[in-house]
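One is the number of the first residue; the rest follow in order along the sequence.
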Amino acid sequence: MVQHKWEQVAYEWPSEKNVYEGVIMETPQEKVKTYLCKLHIDRRMSIGNAIPVDRTLLIYIAKDSLSKKLRCGEHLRFYARVAQPPPTDIPGEFDYATYLFRKQISGTAIVFSGYWQATGVRKPLTLMQQANAWRGRILDCYKQWGFSGDEFAVLSALTVGYKEELSDELQETYRVAGVSHILALSGMHVAILWGLLGWVMRPLDKRRSLRWVKCLLIILLLWGFAFLVGLPASVIRAVVMCMLMTVAQAAGGRALSLNTLAIAAFFMLLYNPFYLFDVGFQLSFLAVFSILMIYPAIFHCWTVYHPVLRYVWGVMAVSLAAQLGTAPLVIYYFSHFPIHFLLANLMVAPLAFLIIYGAVAVFLLSPFEMIHVWVVKGLNGLLWLLNNSMQWVEHLPLAQSGEVHFSVMQVCLLYLLLSLLLGYQLRHSRKLLVAILLGINLFTVVGLYQTHYYKEEPQLILSHSQVKNFPPAEMWQQDSIYRYKGKTVCLLTDNYWQNKASDHLLDIDYIYLCRGYQGKIAPLQNVFRIKKIILDTSLSDYKRNRLKEECKSLNLDYIDLSVKGSYRILL
């Protein structure tokens, strides 16, 4: 099935421009100078024999008065050159080409003004296109009711999974706080809705036949919600699980089990095998698996009788179980770990609960104008409180763990240790304790070897496709400073130089800032006399923009490789 999907996506695009025709699958995303449209080329609308069919593209349409009116379901004809992004060969850089391929995107194109037109053809929309059109209508309602700025961005992400309005600063705030998962529709959101529906329909539990009616109604409403939010993979996974749990409850069996989780994963992979490579799919299933396996052991460590304290301890136990289970994979993919995740989740859990219920109330009470206005104001207040509380957590001491790198072997060892610890918690065994201690020693040895003994040769990345090695025989190197043929380069991947100072400044031709450097540029001027800053493509957009603003304020010359693409140093 993976091979079949691969053949559906792969295509050798012609090097020259061609005319293509297709339908916009999702609401266009507004960029700085363009609108990004996800477009599907349909067999019935292809022009000429050389035009591929049944492929999905990302096209960037230049902004003008016409492109502003584009909507989901619009049929377009455009003239452009389509190509696949080249795979990266730079170590540590995000592989955009592979990411698009696993999202079943066959190519990208830039369409200039005057080189496209709406065909006016009206064909029946697919289920996915209808879902995205409905999501667009919900977003229009939010704007009409006065939601704007960060409040609108978070409300859109929480309720319908529309994340394009989230600013880099806001996403960084939630990432550092350790609650970025709430900005992506996931099991938590569906579970809240599932709980609300179950509570409303409690009277139907009195008779066995009515329990099956309740089961059918809940399943239909959950799939209706999934349809309204655009049928994203995370919501489909959660709805499938809730559907299975609802059926299990109606049949009098156990609601949530490993079997339920396995069945949901099986059918999702049967539908789309590429989900297996999706980080969100991996983390969401691993989080639920961890809650099932680890949460009982944590929760029963402390017996709490007070209902409020019991709720707080339950939230902490669930959060701790999910974070323990996903931490190795999070560190492997994102190279950081949120320190204050327990505090942030204690604040987020009730606020997210109230916001989702408030969003439902906003729609239900829309016919009653007087009440509706106050509900909108209250929901705006909750969103403001959520954003500001996460900003407060972000600025707490030691909020960021700094850059942490794990290899695949270290991740496997951590999960092995976690399994052994869970087994020891359930059954105290001397053999398990010895195995745990041996595992800790092995993890330490692997970490020390990779940190101190296994080092790659120093490299200077000149472009997206060229990596230049310094000849070791002609290069002087110490503490991330390299001198080669009269040029001095300081390669910063950590905060080693952040708090240093010297009365005699060292002349540096190029400060090369890469992923892993968490500090600012100003403190470096206590050690170095800097001539030029180079910002690597591995930096996040948020970090890169902050560093560029600082360079401007310090009157420092800088090169942004994400814009320039390459930079050649003449030696």
To the nearest 0.5 Å, what is the distance between [atom1] on [X] and [atom2] on [Y]?
| X | Y | atom1 | atom2 | result |
| --- | --- | --- | --- | --- |
| Gln29 | Leu58 | CD | CG | 8.5 Å |
| Leu36 | Thr34 | CG | OG1 | 7.0 Å |
| Gln104 | Trp6 | CD | CH2 | 12.0 Å |
| Leu217 | Thr246 | CG | OG1 | 11.0 Å |
| Trp223 | Cys242 | CH2 | SG | 10.5 Å |
| Glu169 | Gln391 | CD | CD | 10.0 Å |

Test Arg71 against Glu74 for salt bridge (Lys or Arg N to Asp or Glu O under 4.0 Å), laying out the working first. CA-CA 6 Å; Arg71 294 291 182 268; Glu74 194 90 28; over 6 Å; no

Atom of [X], atom of [Y] and distance for their closest heavy-atom approach:
| X | Y | result |
| --- | --- | --- |
| Phe363 | Cys141 | CE2-CB, 4.2 Å |
| Lys5 | Asn272 | CE-OD1, 3.9 Å |
| Ser389 | Leu351 | OG-CD1, 4.2 Å |
| Phe274 | Phe101 | CE2-O, 3.5 Å |
| Leu364 | Pro367 | O-CD, 3.4 Å |
| Ala322 | Ser290 | CA-CB, 4.4 Å |

Answer yes or no: is there a side-chain heavy-atom contact under 4.5 Å between [X] and [Y]?
| X | Y | result |
| --- | --- | --- |
| Asp150 | Leu383 | no |
| Ile61 | Leu76 | yes |
| Val179 | Phe341 | no |
| Leu539 | Tyr517 | no |
| Asn387 | Leu170 | yes |
| Met347 | Trp392 | yes |
| Tyr60 | Tyr35 | no |
| Lys38 | Ile24 | no |

Between Leu422 and Met293, is the side-chain contact (heavy atoms from CB on, under 4.5 Å) condition met? List the steps. CA-CA 8 Å; Leu422 183 62; Met293 300 300 295; 4.1 Å; yes

Aromatic ring proximity, centroids under 6.0 angstrom, [Y] and [X]:
| X | Y | answer |
| --- | --- | --- |
| Phe152 | Trp145 | no |
| Phe289 | Phe285 | no |
| Tyr99 | Phe277 | no |

More than 12 foreign heavy atoms under 6.0 Å from [atom1] of [X]: is that the case here?
| X | atom1 | value |
| --- | --- | --- |
| Tyr332 | OH | no |
| Lys163 | NZ | no |
| Arg211 | CZ | yes |
| Arg310 | CZ | no |
| Ile110 | CD1 | no |

What verdict does the side-chain contact (heavy atoms from CB on, under 4.5 Å) test give for Ile41 and Val23, after you've listed the backbone C-alpha separation in whole Å, the side-chain angles of each residue and the deciding distance to 0.1 Å? CA-CA 7 Å; Ile41 299 176; Val23 59; over 6 Å; no

Is there a side chain to side chain donor-acceptor pair (under 3.5 Å) between Thr173 and Glu394 once you walk through the steps? CA-CA 6 Å; Thr173 295; Glu394 179 191 18; 3.0 Å; yes

Closer than 3.5 angstrom, by distance alone: can the side chain of [X] be matched with the main-chain N or O of [Y] as a donor-acceptor pair?
| X | Y | answer |
| --- | --- | --- |
| Tyr415 | Gly325 | yes |
| His372 | Phe368 | no |
| Arg55 | Gly107 | no |
| Gln518 | Asn495 | no |
| Ser319 | Met316 | no |
| Ser106 | Val9 | yes |

Before you tell me yes or no, could you show the steps for Tyr142 and Ser148 under side chain to side chain donor-acceptor pair (under 3.5 Å), namely the whole-Å CA-CA distance, both residues' side-chain angles and the distance that decides it to 0.1 Å? CA-CA 8 Å; Tyr142 287 155; Ser148 61; over 6 Å; no

Salt bridge (Lys or Arg N to Asp or Glu O under 4.0 Å): which pairs involve [range], sequence neighbours left out?
| range | answer |
| --- | --- |
| residues 269-297 | Lys103-Asp278 |
| residues 316-328 | none |
| residues 344-366 | none |

Set of residues satisfying salt bridge (charged side-chain N to carboxylate O under 4.0 Å, His left out) with respect to Glu549, sequence neighbours excluded: Lys552

Holding to salt bridge (charged side-chain N to carboxylate O under 4.0 Å, His left out), I want the full list of residues that pass it with Lys63, two or more places apart in sequence or in another chain. Glu30

From CA spacing to verdict: side-chain contact (heavy atoms from CB on, under 4.5 Å), Met268, Phe281: CA-CA 10 Å; Met268 285 193 67; Phe281 178 89; 4.2 Å; yes

Worked check of side-chain contact (heavy atoms from CB on, under 4.5 Å) between Ile298 and Val318: CA-CA 8 Å; Ile298 296 176; Val318 169; over 6 Å; no

Stepwise, does the ring pair (Phe, Tyr, Trp, His ring centres under 6.0 Å) test hold for Tyr271 with Phe267? CA-CA 6 Å; Tyr271 168 71; Phe267 281 109; over 10 Å; no

Only one of Leu139, Ile355, Leu386 clears side chain to side chain contact (heavy atoms under 4.5 Å, CB included) with Leu155; which? Ile355

Working for side chain to side chain donor-acceptor pair (under 3.5 Å), residues Ser67 and Trp116: CA-CA 9 Å; Ser67 59; Trp116 68 273; 5.6 Å; no

Hits for side-chain contact (heavy atoms from CB on, under 4.5 Å) against Val279, two or more places apart or cross-chain, chain-then-number order -> Leu283, Tyr333, Phe334

